[in-house]
Amino acid sequence: MTFDEMTAKIATGDGFIAALDQSGGSTPKALSGYGLSEDAWSGEAEMFAKIHEMRTRVITAPSFASGKVIGAILFERTMDSEVEGASTADALKERGIVPFIKVDQGLADEVDGAQMMKPLDKLPALLEKSVANGMFGTKMRSVIKSANPTGIAAVVAQQFAVGNQIADAGLVPMLEPEFDITADDRAEGEQILLTEIMKGLDALPTGRKVMLKLSLPVEAGLYAPAIAHPNVLRVVALSGGFSTDDACERLAQNPGMIASFSRGLLQDLRAGQSDAEFDDVLGKAIDKICTASVAG
């Protein structure tokens, strides 16, 4: 797929974006959920080899290439690896799936009710490598924990500043100011978040496209103004700790948003399943998430 073809697929495709970007800190938990305990590997290299085996199994499953998965977010090590002799990005594109890369370096300590991204000192080199690998876009995560206007404004400002740097490098940035779904004041905070997002969108250069990855809102349809903004290519939803069923039910109430789930997609996959069983379980999750994504 060319860049223009990938842009059109993300902008108008019926389906969702799979989040396959667990990094070092979350990999043991992901492998545990897959049915592999820590005694299944020795050292970091073997751990990442195990998670790549899992991701390869997902990417090569027939159901993953059904056309219902329109994009996939990768961790850097996954981008650097191969799937059936091809680069991971090329393997995805051969299946009609647009590749994204996670570029943040983790979260800073909480200040003003929010965790901004740690300094992205490796970003220029990663962007250069990502372009060379044929990636389409990026993803980077911050977390908002309360309806603190100062913290929310700081998170959104950082997301847009880095997003412009990414766009200048030739990739489409996916901004992810996640709102913690356990926050007692989330409904109030999401209103503040929307206001700050709209300010950031209005300040973008004409024609610049960004994506947004947001928690499923308390108020259904809250993010409709952002979805309709001319500088937004697509708005996707993270599952944020909701079960697959709960996340899909909430997603269906938000027309214009599509899923970008990790836990909601992978939670029932196990290493001990036969290939047929694995594909059946994955296919059912894909069907459910796709249906919710196109419900609006």
Side-chain angles (χ1 to χ4, degrees), residues 17-65 69 71-95 97-108 117-123 125-130 132-135 138-141 143 176 238-239 241 244 260-283 285-286:
I17 296 173
L20 306 177
D21 59 323
Q22 296 91 353
S23 56
S26 58
T27 296
K29 184 177 179 181
L31 286 172
S32 176
Y34 185 50
L36 296 178
S37 60
E38 292 195 19
D39 59 8
W41 66 85
S42 176
E44 186 177 87
E46 287 188 15
M47 179 185 74
F48 282 116
K50 291 294 184 185
I51 198 72
H52 188 64
E53 287 174 10
M54 184 192 80
R55 290 169 178 153
T56 297
R57 200 176 184 195
V58 170
I59 291 168
T60 57
S63 59
F64 201 71
V69 180
I73 305 169
L74 307 177
F75 178 49
E76 183 180 0
R77 282 177 181 259
T78 309
M79 178 183 72
D80 293 341
S81 300
E82 293 187 347
V83 172
E84 295 185 333
S87 72
T88 306
D90 285 346
L92 287 169
K93 286 189 277 190
E94 287 170 5
R95 291 163 171 79
I97 298 168
V98 177
F100 293 79
I101 178 74
K102 166 184 154 60
V103 297
D104 66 81
Q105 295 171 223
L107 298 171
M117 294 181 288
K118 290 180 178 178
L120 286 82
D121 54 285
K122 299 178 182 178
L123 183 62
L126 179 54
L127 293 179
E128 184 177 352
K129 182 168 69 169
S130 299
N133 273 273
M135 306 301 286
T138 66
K139 190 217 78 163
M140 52 189 176
R141 173 176 174 260
V143 176
E176 185 184 5
L238 57 105
S239 50
T244 305
S260 178
F261 294 172
S262 174
R263 178 175 177 270
L265 174 65
L266 308 174
Q267 66 180 17
D268 295 322
L269 301 178
R270 300 293 181 269
Q273 291 165 339
S274 69
D275 288 346
E277 290 169 335
F278 184 93
D279 187 55
D280 181 63
V281 171
L282 179 62
I286 287 171

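Since the structure is predicted, the reported quantities are computational estimates derived from the model, not experimental observations.
Shown here for Ala86 and Glu94, the closest heavy-atom pair between the two residues is CB-OE2, 4.4 Å. The two residues Met117 and Arg141 make their nearest non-hydrogen contact at CG-O, 3.3 Å. Across every non-hydrogen atom of Val58 and Leu282, the tightest pair is O-CD2, 3.9 Å. Closest heavy-atom contact between Ala72 and Phe64: CB-CZ, 4.5 Å. The two residues Leu265 and Ala18 come nearest to each other via the heavy atoms CD2-CB, 3.6 Å.
Looking at Tyr34 and Ile51, their side chains never come closer than 4.5 Å, going by heavy atoms from C-beta outward. Proximity of Leu20 to Ile59: side-chain heavy atoms (C-beta onward) are separated by under 4.5 Å at one or more points. Leu31 places a side-chain heavy atom less than 4.5 Å from the side chain of Trp41. Two residues are said to be in side-chain contact when any heavy atoms from C-beta on lie closer than 4.5 Å; Thr78 and His52 meet this criterion. In this structure the side chain of Pro99 never reaches within 4.5 angstrom of the side chain of Met79, judged on heavy atoms. Proximity of Val83 to Leu92: side-chain heavy atoms (C-beta onward) are nowhere separated by under 4.5 Å. Proximity of Arg57 to Asp275: side-chain heavy atoms (C-beta onward) are separated by under 4.5 Å at one or more points. Using a 4.5 Å heavy-atom threshold, the side chains of Ser260 and Ile73 count as touching.
Here Met135 contributes atom CE and Lys93 contributes atom NZ; the two are 8.0 Å apart, rounded to the nearest 0.5 Å. To the nearest 0.5 Å, the span separating CG on Asp121 from CG on Leu126 amounts to 11.0 Å. In this structure, Asp104 CG and Lys139 NZ are separated by 6.0 Å, a value rounded to the nearest 0.5 Å. Atoms OG1 and CG, from Thr138 and Leu127 in turn, are 7.0 Å apart once rounded to the nearest 0.5 Å. We find the CE-CZ distance between Met47 and Arg77 to be 7.5 Å, quoted to the nearest 0.5 Å. Note that CE of Met140 is 13.5 Å distant from CD1 of Ile101, once rounded to the nearest 0.5 Å.
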- Apply side chain to side chain contact (heavy atoms under 4.5 Å, CB included) to Met54 and Leu266, showing your working. CA-CA 10 Å; Met54 184 192 80; Leu266 308 174; 4.3 Å; yes

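Scored by the side-chain contact (heavy atoms from CB on, under 4.5 Å) test, Glu53 finds Lys50 as partners (sequence neighbours excluded). Scanning for salt bridge (charged side-chain N to carboxylate O under 4.0 Å, His left out) contacts around Asp90 gives an empty result, with sequence neighbours left out. Annotation: side-chain contact (heavy atoms from CB on, under 4.5 Å) contacts of Asp80 (sequence neighbours excluded): Glu76, Lys129.
Counting only distance, with no hydrogens or angles, the side chain of Glu277 and the backbone of Ser274 share a donor-acceptor pair below 3.5 Å. Gln273 places a side-chain N or O within donor-acceptor distance of the main-chain N or O of Asp268, the cut-off being under 3.5 Å. Distance alone, capped at 3.5 Å, places no donor-acceptor pair between the Arg270 side chain and the Leu36 backbone.
Side-chain contact of Thr60 with Glu84: a donor-acceptor pair under 3.5 Å is absent, judged by distance alone.
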